[in-house]
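Every value quoted in this text rests on a predicted model; they were computed, and no experiment measured them. In what follows, every heavy atom counts, from backbone to side chain, and hydrogens, waters and symmetry copies are set aside.
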Amino acid sequence: MGLTIADTYYLKAKAASGYDWDEVCESLNYALSYDENHCAALCLLGEVYAGNLNRYAEAFACFDKVIAINSDYTTVYPVYTKYLIWADEIDRAAKLIAFAFSIKGIAKGSLFWLSAYAAETKQDYKAAIKQLKKAKKHAFNDDYFSFIEEEENRVKKKLKWDKSKVKKRQYSSKKRKKKHKN
């Protein structure tokens, strides 16, 4: 079994992504004209819609179509989840993550990181740190492990900053109460 014409055009689009958007669009259009159900091309198209054009509805339609075509296509879940979080669809992202954990061969480290990302957007830093610790257990190369550690350190700084902010508020409210008593 060799590469199909749709595969070839998808690979051209993937290679050009990030620097030659004319090539990306043209190649994706060709790939999808040869195979309208090409999961990789649909997923990349969804990324273009969400990441470059902020057209989340169209992106989500692409991702939903991929899942409908092949629910075992593991690449779609982390990408889809990230854009759901960007679009402030946190509950929907959480449901997708929960479902994605049931997919055989999924990168669990990425799902735990995305869970942490979602918790962080809700300012639930403790939950985010918990998820990042789980992500570290599922990191199977040094680069990803370092990335997760950096994320964990960043979230810990936010947690520390958040706690100091709360303490300052409590301290200043106590001062005000003392002034009012006098």
Side-chain angles (χ1 to χ4, degrees), residues 10 13-14 17-18 24 28 38-170:
Y10 159 73
K14 184 75 173 169
S17 62
V24 172
L28 277 177
H38 193 274
C39 290
L42 284 167
C43 196
L44 183 56
L45 180 60
E47 287 185 73
V48 170
Y49 276 136
N52 300 93
L53 302 173
N54 293 327
R55 291 171 48 186
Y56 293 110
E58 290 94 334
F60 297 163
C62 289
F63 299 139
D64 287 335
K65 186 173 180 180
V66 170
I67 293 169
I69 294 165
N70 182 1
S71 63
D72 291 332
Y73 186 73
T74 59
T75 305
V76 72
Y77 295 100
V79 173
Y80 192 0
T81 303
K82 178 179 76 172
Y83 291 118
L84 282 170
I85 294 168
W86 282 17
D88 203 26
E89 298 266 352
I90 308 302
D91 293 335
R92 205 167 144 198
K95 288 177 185 173
L96 186 64
I97 290 169
F99 176 76
F101 272 115
S102 70
I103 307 296
K104 191 174 184 176
I106 194 96
K108 287 184 171 62
S110 294
L111 296 178
F112 284 121
W113 172 72
L114 287 162
S115 295
Y117 187 25
E120 183 183 358
T121 62
K122 291 178 169 180
Q123 297 182 351
D124 187 354
Y125 303 124
K126 288 181 181 181
I129 291 168
K130 260 186 190 177
Q131 294 301 314
L132 289 168
K133 288 183 187 299
K134 290 178 184 178
K136 280 199 283 191
K137 290 179 183 177
H138 292 276
F140 299 111
N141 66 57
D142 288 335
D143 290 337
Y144 192 69
F145 190 85
S146 296
F147 166 73
I148 296 298
E149 280 189 325
E150 288 172 16
E151 291 287 287
E152 187 177 16
N153 290 335
R154 184 180 53 73
V155 173
K156 283 179 180 177
K157 286 178 189 174
K158 284 185 173 183
L159 180 63
K160 190 176 179 181
W161 180 74
D162 205 37
K163 283 181 181 178
S164 69
K165 224 170 118 176
V166 169
K167 285 181 183 178
K168 283 181 184 177
R169 269 192 246 132
Q170 288 173 346

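Under the 4.5 Å side-chain criterion, counting only non-hydrogen atoms from C-beta, Lys156 is not in contact with Tyr125.
To the nearest 0.5 angstrom, Leu45 atom CG is 9.5 Å from Lys65 atom NZ. Rounded to the nearest 0.5 Å, atoms CD1 (Ile129) and CG (Leu159) are 5.0 Å apart. Considering NZ of Lys14 and CG of Leu28, their distance stands at 10.0 Å, rounded to 0.5 Å.
The side-chain hydrogen bond (donor to acceptor under 3.5 Å, both in side chains) check on Lys82 picks up nothing, with sequence neighbours excluded. In terms of the ring pair (Phe, Tyr, Trp, His ring centres under 6.0 Å) criterion, residue partners of Tyr56 (sequence neighbours excluded) are, by chain and number, Phe60. For Asp64, the side-chain hydrogen bond (donor to acceptor under 3.5 Å, both in side chains) criterion is met by Tyr80, not counting sequence neighbours. Residues that satisfy the side chain to side chain contact (heavy atoms under 4.5 Å, CB included) test with Asn141, not counting sequence neighbours, are Asp143, Tyr144. A search for side chain to side chain contact (heavy atoms under 4.5 Å, CB included) contacts involving Lys130 returns nothing, not counting sequence neighbours.
When all heavy atoms of Cys43 and Val66 are compared, the pair lying nearest together is N-CG2, 3.9 Å. Scanning both residues, Ile106 and Ala100, for their nearest heavy atoms gives CG2-O, 3.4 Å. Residues Leu42 and Cys62 share a closest heavy-atom pair of O-CB, 3.5 Å. Here the shortest heavy-atom pairing between Val24 and Ala13 reads CG2-O, 3.5 Å.
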Ignoring hydrogens and angles, write down the donor-acceptor pairs under 3.5 Å from the side chains of residues 109-120, residues two or more places apart or on other chains.
from, atom 1, to, atom 2, distance (Å)
Trp113, NE1, Glu151, OE1, 3.1
Ser115, OG, Leu111, O, 3.0
Tyr117, OH, Trp86, NE1, 2.9
Glu120, OE1, Arg154, NH1, 3.4
Glu120, OE1, Arg154, NH2, 3.1
Glu120, OE2, Arg154, NH1, 2.4
Glu120, OE2, Lys158, NZ, 2.6

Can you list, pair by pair, the side-chain donor-acceptor contacts under 3.5 Å of residues 48-55, counting residues two or more places apart and other chains?
from, atom 1, to, atom 2, distance (Å)
Arg55, NE, Glu58, OE2, 3.2
Arg55, NH2, Glu58, OE2, 3.2

List the atom pairs, donor and acceptor, that lie under 3.5 Å between side-chain atoms in residues 68-77 and the rest of the protein, sequence neighbours left out.
from, atom 1, to, atom 2, distance (Å)
Asn70, OD1, Asp72, N, 3.0
Tyr77, OH, Ser71, O, 2.6

Do any side-chain atoms of residues 131-138 form donor-acceptor pairs under 3.5 angstrom with protein atoms, and if so which ones, sequence neighbours left out?
from, atom 1, to, atom 2, distance (Å)
Lys133, NZ, Glu152, OE2, 3.0
Lys136, NZ, Glu152, OE1, 2.6

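Tyr83 and Phe63 have parallel rings, their planes meeting at less than 30° on a 0 to 90° scale where 60° marks the start of perpendicular.
Counting heavy atoms of neighbouring residues, nucleotides and ligands inside a 6.0 Å radius, atom CG of Asp142 does not exceed 12 of them.
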